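See below for the structure under consideration.
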Amino acid sequence: MDFAVDVNEIIFQMEIYDQIWYTRQIPEKGRHSQKAVELVKEIIGRLEDIPDGCAECFPFETIDELKSKYFQD
């Protein structure tokens, strides 16, 4: 449970920074800054590297949510 809380906190903070980066850079296409997209790729990579020891704890939904939100532009 602590793991999910920590991951959600990191994602929440990244979304705040994305809003700031987007406002400062105003990318020509997409709804997210390039920095946020790169950071989400790194977060997903680290989440996917978690051992499959416990399927109930594996963040499938979080990974799917990040992919759909940041890579569907």
Side-chain angles (χ1 to χ4, degrees):
M1 187 63 148
D2 290 335
F3 173 76
V5 171
D6 292 342
V7 169
N8 287 331
E9 181 65 28
I10 290 169
I11 292 169
F12 178 71
Q13 290 176 6
M14 187 273 312
E15 289 174 340
I16 291 171
Y17 281 108
D18 180 31
Q19 292 173 7
I20 294 167
W21 291 325
Y22 184 88
T23 302
R24 289 183 178 176
Q25 298 170 351
I26 306 177
E28 292 181 18
K29 74 174 210 178
R31 298 178 301 170
H32 302 284
S33 69
Q34 186 60 37
K35 287 184 179 185
V37 172
E38 291 171 11
L39 189 55
V40 167
K41 286 179 184 177
E42 185 175 336
I43 291 169
I44 289 172
R46 290 182 184 226
L47 290 174
E48 290 176 336
D49 285 343
I50 296 171
D52 294 343
C54 180
E56 288 120 15
C57 297
F58 194 79
F60 293 110
E61 292 176 1
T62 301
I63 292 170
D64 291 342
E65 182 180 324
L66 286 171
K67 285 180 178 179
S68 69
K69 185 173 183 178
Y70 285 89
F71 303 129
Q72 297 299 322
D73 288 336

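Computed over heavy atoms, backbone and side chain alike; hydrogens, waters and symmetry mates excluded. Bear in mind that the values here come from a model prediction, so they are computed numbers and not experimental data.
The distance from the CG atom of L47 to the CD atom of E42 is 10.5 Å, given to the nearest 0.5 Å. Expressed to the nearest 0.5 Å, how far CD1 of I11 lies from CE of M14 amounts to 6.5 Å. To the nearest 0.5 Å, the span separating CD on Q25 from CD on Q34 amounts to 9.0 Å. Note: L39 CG to H32 NE2 = 12.5 Å, rounded to the nearest 0.5 Å.
For the residue pair F71 and K41, the shortest heavy atom distance occurs at CZ-CG, 3.5 Å. In this structure, K67 and E48 approach most closely via the heavy-atom pair NZ-OE2, 3.3 Å. Minimum interatomic distance between Y22 and S33 (heavy atoms only, all atoms of both residues): N-CB, 3.8 Å.
Considering only heavy atoms from C-beta on, Y70 stays 4.5 Å or farther from I44 through its side chain.
Taking a 6.0 Å sphere around CD of E65, one finds it holds 12 or fewer heavy atoms contributed by other residues, nucleotides or ligands.
Using a 3.5 Å distance cut-off with no hydrogens or angles, the side chains of E15 and Q19 do not pair a donor with an acceptor.
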